[in-house]
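Residue numbers start from 1 in every chain, and the chains themselves are labelled A, B, ... in the order their sequence lines are given, proteins ahead of strands.
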2 protein chains.
Amino acid sequence: MKNIDKLRRAGLRPTKQRLIIADILLDGPNRHFTAEDLQDEICASGNYMSIGTVYNCLKRFKNSGLIKQVEYSKDTAIFDTNTTFHHHFLNEETGELIDIENDKVILGKLPEIPSGFLNSGVDIIIKLKKHT
Amino acid sequence: MKNIDKLRRAGLRPTKQRLIIADILLDGPNRHFTAEDLQDEICASGNYMSIGTVYNCLKRFKNSGLIKQVEYSKDTAIFDTNTTFHHHFLNEETGELIDIENDKVILGKLPEIPSGFLNSGVDIIIKLKKHT
DNA sequence: ATTTTACTTTAAAATGATTCTAAACTACTT
DNA sequence: AAGTAGTTTAGAATCATTTTAAAGTAAAAT
């Protein structure tokens, strides 16, 4: 499908800027990137876009499901007095965290660890929304 | 154990400021908090501490294992073009992310969801360190 | 006990990521 | 072609965090 149609189907007005971003992000292989990474790539493609627009577009793309934001890239550090190995419920509306003790979760199958690396810890976040 | 000894055992010089923080954090029940939350509580206890010192102490406490930092509270947003349900390896040294497709992980047992809430998604982060 | 040394705290400035603002612009509708 | 509602822009503002350099303090060495 053409990117202009992907934008329309996502309910986004297909502006010049959004098409530039769609052309970079929505074809080709998946990737992880920051707003600044994307702005650099926009420059490299011979275009220009203000950083405000990059952020704005990313937010719209995310809200309409064209991309995701990695869950654990939040802007404020949260500390935890619980130093045992444990996991968290995350109340998506309030940001509140609730501990999940380790024995409440069992991983039945783990992926193969990339060669040359060791598993140095597993963090599980279970997001919660209010029951309706 | 007295907090002054917890600090010493952690290899931290027990300064007045670190003891104030230890008294707030290391007794009583576990909790999640930001640097600003802690500074407010320091104020509420009739003490004062510059925000720089609060950050500095939290970093030292964390590095010596007295507290933890919640894994997914990082300062830069990371976006992901992979909108399927999936998880991530996190290279702790470089911050690089690698996708883990959903069928590579099986959760054998999940904790009971707090009443009034629904599970709205599970994110798993497997941290990697270089094999030595 | 005093001096020395290395580490720590502080206020303030600096940085970095992100959001906001108000004016100019543009896609879509009438 | 004109209207309107949404979008982009530069730049300012904000927020979290780190850095800086000077003053202060705990521990080690005399």
Here the salt bridge (Lys or Arg N to Asp or Glu O under 4.0 Å) pairs for residues 50-67 of chain B, sequence neighbours left out, are none
Here the distance between atom P of dA11(C) and atom CE of M49(B), to the nearest Å, is 11 Å
Rounded to whole Å, CG of L58(B) lies from P of dA16(D) at a distance of 14 Å
Checklist entry - Are I106(B) and L110(B) connected in the hydrophobic side-chain network, where two residues link if heavy atoms are under 4.5 Å apart? => result no
* May I ask you to evaluate whether R60(B) reaches the phosphate of dC7(C), defined as a side-chain N or O under 4.0 Å from OP1 or OP2? => no
When rounded to whole Å, the CD to C1' distance for the pair Q17(B) and dA23(D) reads 13 Å
Task: F89(B) with L107(B), same ILVMFWY side-chain cluster at under 4.5 Å - done: yes
Note to self: Please report whether the ring centroid of F85(A) lies less than 6.0 Å from that of H87(A).
What the structure shows: yes
Q69(B) atom CD is separated from dT18(D) atom P, nearest whole Å, by 9 Å
Considering only heavy side-chain atoms of N56(B), the closest of dA10(D), dT9(C), dT18(C) is dT9(C)
When every non-hydrogen atom of P14(A) is compared with those of L19(A), the smallest separation belongs to O-CD1, 4.1 Å
Side-chain contact check for A35(B): nearest option of dT9(C), dT17(D), dT18(C) is dT17(D)
Heavy-atom nearest nucleotide on DNA chain D taken for E36(B) and for R18(A); more 5' hit belongs to R18(A)
Exercise for the section: Could you tell me whether K6(A) and D27(A) make a salt bridge, using a distance below 4.0 angstrom between a side-chain N and a carboxylate O? Expected result: yes
To the nearest angstrom, the CG-C1' distance between L12(B) and dA27(D) comes to 15 Å
Contacts satisfying side chain to side chain donor-acceptor pair (under 3.5 Å) that involve residues 39-51 of chain B (not counting sequence neighbours) are R31(B)-E41(B), S45(B)-N47(B), S50(B)-T53(B)
The contact string for nucleotides 19-28 of chain C, one letter per nucleotide 5' to 3', using protein heavy atoms under 4.0 Å with B, S and - for base, sugar-phosphate only and none, comes out as B-------BS
Does a side-chain N or O of S50(A) approach OP1 or OP2 of dT9(D) to a distance below 4.0 Å, or not?
yes
Atom CG of L19(B) and atom C1' of dT9(C) are separated, to the nearest Å, by 14 Å
In whole angstroms, the gap separating C1' of dT9(C) from CD1 of I42(B) amounts to 13 Å
From CG of L7(B) across to P of dC7(C) the rounded distance in Å is 17 Å
